Amino acid sequence: MSGDLNTSEFDLIRHYFAAAKTASDVVLGIGDDAAIVRANPALDWVVTTDTLIAGVHFPDSATAADIAHKTLAVNVSDIAAMAATPRYATLALSLPKLDHQWLQEFSRTLHQQLALHSISLIGGDTTRSAVLSLTLTLIGEVERGKAVRRDAAQPGDVIAVTGTLGDAGLGLALALGQCQLDDKATTDYFLARLHRPLARANAAAILRDYAHAAIDISDGFWQDLGHVLNRSQCGASLELDKLPISTALRNAVTAHEALDYALYAGDDYELLFTAPAQHWSAVQSQFAGIGLMVTAVGVITAEPGLRACHDGQPFAGQRNGYDHFI
Ligand code: ADP
Ligand code: MG
């Protein structure tokens, strides 16, 4: 491990931290969207932490309100992916300077978002550092044993995703000045998809009732599906023509680029889950009931590996999603 510059973030976690000894009330430790702790005989706590760092997780153009929104959304998304309900948060804030206007804008949006999800901010820490960084820890709760993990996908399950994929990827390219669109309103749409992801908190109850496995798509569909397959020790067969891509993205870039963003770009914070095929129509009507798009994109197979077809041709995925160390 030492000196290996190609060590991925996931290898690093496995090597140095995954062996941590845990008490018997820790139902699930390192390796999922969140940990599960048995709080009492009726209730499990679901705990997640995510850090956002200036220049890594958001570009300089992100406003204080954008940053507040995203800090909460990425954590709510992890709790939703476990099919739990967010309850309590702590916030560790490292600021390069004291800027009251920034803090006012940040805290206003933070409180709005906390209220929206009925989350109590119960503590945190404030320090000065060279780079703006925010770490939010979020505790959610779920009825005992009802959390949905990455490791329980079953052969024959439908693989489904909420919303559309790839918009945030183009948003990042626009924010970084790597490309431009003629139309300001369209540009603003993609930037909003990057800066203001909508955590799918209201899908948690449906996952709780129907899903075998779930993950949120933070590092790219292809990579995050890979985590489910690895942990569940199974494979997948995908029909890439079915991947939900917004009309805005289809109109903004070539079909090839749109597919690339949908497969490999991070930051969408949609949910990817698997559910038994016999429940698929019930799942669809539940999602229709909350007004959230859901799309079947493939099926879980007993044979390991990821097989995909596109335009009737076999498709070999070539890139990974986002990794902090590769
Ligand atoms: P996500 O993308 O869903 O937020 P990550 O990929 O960041 O999840 O993390 C994968 C798993 O590794 C999670 O269970 C997380 O809690 C754990 N993890 C990450 N970094 C550390 C660390 N430094 N110490 C202990 N566990 C960690
Ligand atoms: Mg996650």
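Read the numbers this way: they start at 1 and go in the same order the structure lists the ligands and their atoms. Since we're looking at a predicted model, the values are computed, not measured.
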Practice problem: Begin with the C-alpha distance, continue with both residues' side-chain angles, and end with the deciding distance and a verdict on ring-ring contact (aromatic ring centres under 6.0 Å, His included) for F287 and F273. | Solution: CA-CA 13 Å; F287 274 95; F273 64 95; 5.7 Å; yes
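If you look at Y16 next to ligand 1, there are no close heavy atoms at all, none under 4.0 Å. Of all the heavy atoms of R14, none lies under 4.0 Å from any atom of ligand 1, so neither backbone nor side chain is involved.
When each atom of ligand 1 is checked for a heavy atom of I30 under 4.0 Å away, the hits are 12 (O), 14 (O), 17 (C), 25 (C), 26 (N). Applying the 4.0 Å criterion to heavy atoms of S218 picks out, from ligand 1, the atoms 2 (O). Every atom of ligand 1 is numbered from 1 in the order shown, and the set under 4.0 Å from a heavy atom of F10 is 6 (O). Each of the following atoms of ligand 1 lies closer than 4.0 Å to a heavy atom of R150: 3 (O), 8 (O). Set against the non-hydrogen atoms of D50, the atoms of ligand 1 under 4.0 Å away are 4 (O).
For atom 15 (C) of ligand 1, the nearest protein heavy atom lies 4.0 Å or farther away. Atom 3 (O) of ligand 1 is approached by the protein to below 4.0 angstrom, counting heavy atoms only.
For the pair D224 (side chain) and D219 (backbone), a donor-acceptor distance under 3.5 Å is present.
Taking 2.8 Å as the criterion, D32 does not count as a coordinating residue of the Mg ion (ligand 2), since none of its N, O or S atoms falls below it. With 2.8 Å as the limit, D216 counts as an N, O or S neighbour of the Mg ion (ligand 2).
Using a 4.0 Å cut-off between a side-chain N of Lys or Arg and a carboxylate O of Asp or Glu, K146 and D44 do not qualify as a salt bridge. A salt bridge links D267 with K70: at least one charged nitrogen is closer than 4.0 Å to a carboxylate oxygen. Salt bridge D32/R149: absent, no basic N to carboxylate O contact under 4.0 Å.
Counted within 6.0 Å of CG on D60, heavy atoms from surrounding residues, nucleotides or ligands total 12 or fewer; the atom is thus considered open. Remark: D182 CG is loosely packed, at most 12 non-hydrogen atoms of other residues, nucleotides or ligands lying under 6.0 Å away. At most 12 non-hydrogen atoms from other residues, nucleotides or ligands lie less than 6.0 angstrom from CD of Q233. No more than 12 heavy-atom neighbours from other residues, nucleotides or ligands sit within 6.0 angstrom of CD on Q104.
Here's the thing with T48: none of its N/O atoms is less than 3.5 angstrom from an N/O atom of ligand 1. An N or O contact shorter than 3.5 Å links D32 to ligand 1 by distance. By the 3.5 Å distance cut-off applied to N or O atoms, D78 is counted among the residues near ligand 1. For ligand 1, one of its N or O atoms has an N or O atom of G31 under 3.5 Å away.
The atom of D33 that is an N, O or S and sits closest to the Mg ion (ligand 2) is OD1. If you look at D78 and ask which of its N, O or S atoms sits nearest the Mg ion (ligand 2), the answer is OD1.
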